[in-house]
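This report refers to the structure that appears directly beneath it.
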Amino acid sequence: MGALLPAHGVTRLVGIGPEISAEMSELKVKSEELKAGETAEEPTLLTFNSQLLTEFYPSTEAFLAQLNPADFAHETILVKGARRFGFERIVAALQAQQHGTVLEVNLDALGHNLQHFRQQLRPGTKLMVMVKAFAYGAGSYEVASLLEFQRADYLAVAYADEGIALREAGIGLPIMVMNPAPDAFELLRRHRLEPEIYSFEILEAYLATLPATDAPTPSFTNSPIHIKLDTGMRRLGFEEADVPALGALLRQHRARLPVAGIMTHLAAADDPAHDDFTRQQLAAFGRMARALEEALGRPVLKHALNSAGIRRFPEAHFDMVRLGIGLYGVDASGLDANALRPVSTLRTTISQIKTLPAGATVGYGRRGTATDAARRIATLAIGYADGYDRRFSSGAGVVLVHGQRAPVVGSVAMDMCMVDVTDIPAARAGDVAVVFGAELPLPLLAARIGTIAYELLTNVSERVKRVFVTE
Ligand SMILES: *Cc1c(COP(=O)(O)O)cnc(C)c1O
């Protein structure tokens, strides 16, 4: 450990527990006893001594008793230990001191949800996971590396920049880019990113960036493409009438234009009221994909289903499915209420509590209207710039303080908002307020302001610190 930690850029080690304290301090003493010019029997000892700051505590309590969070700044802290040490108390203590807003992302829950959807697939069906929009707010790199470890087959992002960021962070899985701008084609190729091609214009633009001949060009590497078909979403994609011309083009250029997949997107996979329409979309997709495969003279990956579709249309999994919101713990199909675990918990802290007399108004525009009785109002360190929607103003939103609901009072401001804690006498400045999480589910909050869980998740701004936990 003494050699490995500095080699990996770790500069500080806090050891907790009687065994590590005894062993490590012994190592330290031994290395300190070595005189200049002497070589250690075990070379790790010197490295250990010179580059690594070390502290040891016999117990978690002993560490917590002396913990001054001001000792930690601009550091990445890995807290790791056996269950019995109760290290989650350390994480909680460090987080509580942050006096701000934290999005906690539970990687075990993410793994659990991934497994749940995997179990729905027939053997051999591939899994593409959507990590667009910062992995639905959860953190693209961390989610992508978990997915890589868990052997997902494909990732998908909306824009080239998102894919490039993943490559630069070392993600090696195939990545599809759904909305590639023609000026990014070279960049896409350089980063082995696979564009979705949805119109003749984009196809021509892509062809124009390829070498002129079909002969192999040694210095040129190409990325395969995905053909997007519009079967009823009316958003992006080739239509059924385009298929003959599209097939002819793909056939003509098949040597230098490898097609990895053919896909479509359903407009209402989650809604039984539209199941006839959905079945028409799936039937059209089957026809169009077959015609294109015939033109190409070989089969390619066909994929149509999002999270709700995976659960509701198991007969239409084709060769691959595209998992999104379900991975992040939101039940889009109505079939998974108990099967999925919530992944993200958004927490903030109470900055101040005021006791207001009857008749006092609260916040901008005095929109927190006067009441007949005195009340306690808590100011939270979260506002619309953090992604706490302004539509939560004036009682539409609630947060949990000490497990009890506190309604929003007045208008949500840019960096702060106020909640009524009159009925929560234990509430104190510095306490945590849960904005959403297992006890305050996203779909419930979304319904209160007429939106969907997707929007609340992806709105959590990048200035909110993400903390990744695993048990
Ligand atoms: C976002 C997206 C998905 C995933 O949808 P969920 O409802 O989040 O599962 C699938 N396919 C396409 C084309 C998408 O844009």
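Numbering of residues begins at 1 and proceeds along the displayed sequence. Order of listing sets the numbers, starting from 1, for every ligand and every atom in it.
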Taking atom CE of Met176 and atom NZ of Lys132, what is their separation to the nearest 0.5 Å? 8.5 Å
If you scan protein heavy atoms around atom 5 (O) of ligand 1, the nearest is Asn306 CB, 3.3 Å
Verdict with reasoning, His253 to Tyr206, per ring-ring contact (aromatic ring centres under 6.0 Å, His included): CA-CA 11 Å; His253 298 288; Tyr206 192 73; over 10 Å; no
Any idea which of His226, Arg311, His265 brings a heavy atom closest to atom 12 (C) of ligand 1? His265
Could you check whether any heavy atom of Tyr454 sits closer than 4.0 Å to an atom of ligand 1, since that is the contact criterion I want to use? yes
Using 4.0 Å as the upper bound for N to carboxylate O, is an ion pair formed by Arg189 and Glu186? yes
Strictly below 4.0 Å, N to O, side chains only: are Glu104 and Arg347 in salt-bridge contact? yes
Taking the six-membered ring for Trp, are Tyr136 and Tyr328 parallel (under 30°), tilted (30 to 60°) or perpendicular (over 60°)? parallel
Based purely on interatomic distance, does Lys228 place a nitrogen or oxygen under 3.5 Å from a nitrogen or oxygen of ligand 1? no
With the threshold set at 4.0 Å, does a side-chain nitrogen-carboxylate oxygen contact exist between Asp389 and Arg448? no
Give yes if a backbone or side-chain nitrogen or oxygen of Ile325 is under 3.5 Å from a nitrogen or oxygen of ligand 1, and no if not. yes
Return yes or no for this condition: an N or O of Met130 is under 3.5 Å from an N or O of ligand 1. no
If you scan protein heavy atoms around atom 11 (N) of ligand 1, the nearest is Arg322 NE, 2.8 Å
Should one rank Lys132, Met178, Met176 by closest heavy-atom distance to atom 13 (C) of ligand 1, which comes out on top? Met178
Whether the Arg312 and Thr278 side chains hold a donor-acceptor pair (N or O, under 3.5 Å, no angle test) is what I'd like checked. no
List the closest protein heavy-atom neighbour of atom 9 (O) of ligand 1: residue, atom name, distance to the nearest 0.1 Å. Ser307 OG, 2.5 Å
Tell me whether the count of non-hydrogen atoms from other residues, nucleotides or ligands lying under 6.0 Å of CZ in Arg298 goes above 12. yes
Give the numbers and elements of all ligand 1 atoms closer than 4.0 Å to a heavy atom of Gly324. 4 (C), 6 (P), 8 (O), 9 (O)
Taking atom 8 (O) of ligand 1 as the reference point, the nearest protein heavy atom with its distance: Tyr136 OH, 2.6 Å
